[in-house]
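Structure, as structure tokens:
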Amino acid sequence: MYQPTNAKQITSAVAERLDTLKDEGLALPAHYNAQNALKAAYLRLQTVKDRQGRPALTVCTEPSIAESVSIVDQ
């Protein structure tokens, strides 16, 4: 079993990737706050459980969680 995932680490890593993509030409809608979207996705993940009823954030890998809150395909 994995250790519980640190929300700040995950959202920071995804935000950094998003910044890189924006530098490469990614356009987001005006007034869109990607940080808020990332935090909302992470908060939603806190309620997700696996088939055995274990919290997803304790049984999933950090890369898997980062991919699930990512708003951009990599």
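Values in this document were obtained by computation on a predicted structure and should not be read as measured data.
Within the structure, the salt bridge (Lys or Arg N to Asp or Glu O under 4.0 Å) test picks out no pair touching residues 24-46 (sequence neighbours left out).
Taking the side chain to side chain contact (heavy atoms under 4.5 Å, CB included) definition, one finds that Ala15 meets it with Gln35, Leu38, sequence neighbours left out. With sequence neighbours left out, the salt bridge (Lys or Arg N to Asp or Glu O under 4.0 Å) criterion links Lys49 to no other residue. Under the side-chain hydrogen bond (donor to acceptor under 3.5 Å, both in side chains) criterion, Asp50 pairs with Arg54, sequence neighbours left out. Taking the side chain to side chain contact (heavy atoms under 4.5 Å, CB included) definition, one finds that Asp23 meets it with nothing, sequence neighbours left out.
Here the closest heavy-atom approach between residue Leu57 and residue Ile65 is recorded as CD2-CD1, 3.6 Å.
Side chain of Thr47 to backbone of Leu43: no donor-acceptor contact under 3.5 angstrom is found.
Note that the CZ atom of Arg17 and the CG atom of Leu26 stand 9.5 Å from one another [nearest 0.5 Å].
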